[in-house]
Amino acid sequence: MLGALTIILCCQLAGEAIVVATGLPVPGPVLGMVFLFTGLVVRGGPSVELSQTGDALLRNLALLFVPAGVGVVLHLGLLGREGLAISVSLVVSTLLTIAVTALVMRWTLKGRDGDADATPGRGGDGA
């Protein structure tokens, strides 16, 4: 198990080091996960030890959320005072994200298909 954890943490360290050295706008652990995935593809899959270690980490994944839960409980008073503002900002930002995503998707499909309105049932060519 120690060898498998070392491999996982070395991939994460390599990702962090490259991000810090180059200033890439990608989190280091994500780049480390890409390194780990690439290594597994080249190798043909994980070893038994790495597979068992990964399974153990996934079984105990809920423990990684304990610090976040402690932070929420620690700042419960702040959440109570600012709850309305936080809720409104979450709803507005979610709606804006959905709208921007829809507009970008429509713009992307329009450029690819020639006409985004030529869909079945809307009077276009595909009806």
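Side chains included, hydrogens not; waters and symmetry mates left out as well; all remaining heavy atoms used.
- Taking Ile, Leu, Val, Met, Phe, Trp and Tyr as members and joining any whose side-chain heavy atoms lie under 4.5 Å apart, directly or through other members, the hydrophobic cluster of L50 also contains M1, L5, I7, I8, L36, L40, L57.
- Other residues, nucleotides and ligands contribute only 12 or fewer heavy atoms inside 6.0 Å of the CG atom of L2.
- With sequence neighbours excluded, the residues forming a side chain to side chain contact (heavy atoms under 4.5 Å, CB included) with I86 are L79, E82, L90, listed by chain and number.
- Not counting sequence neighbours, the partners of V104 by the side chain to side chain contact (heavy atoms under 4.5 Å, CB included) test are V100, T108.
- Counting Ile, Leu, Val, Met, Phe, Trp and Tyr side chains that sit under 4.5 Å apart, directly or through other members, V30 shares a hydrophobic cluster with V26.
- In this structure V48 satisfies the side chain to side chain contact (heavy atoms under 4.5 Å, CB included) test together with Q52, sequence neighbours excluded.
- Taking OG1 of T6 as the start and CG of L13 as the end, the distance is 11.5 Å to the nearest 0.5 Å.
- In this structure, L24 and T22 approach most closely via the heavy-atom pair CG-OG1, 3.1 Å.
- For the pair M33 and C11, the minimum side-chain heavy-atom distance is 4.5 Å or more.
- To the nearest 0.5 angstrom, L9 atom CG is 6.0 Å from Q12 atom CD.
- The side chain to side chain contact (heavy atoms under 4.5 Å, CB included) search around E49 returns A4, S47, T53, not counting sequence neighbours.
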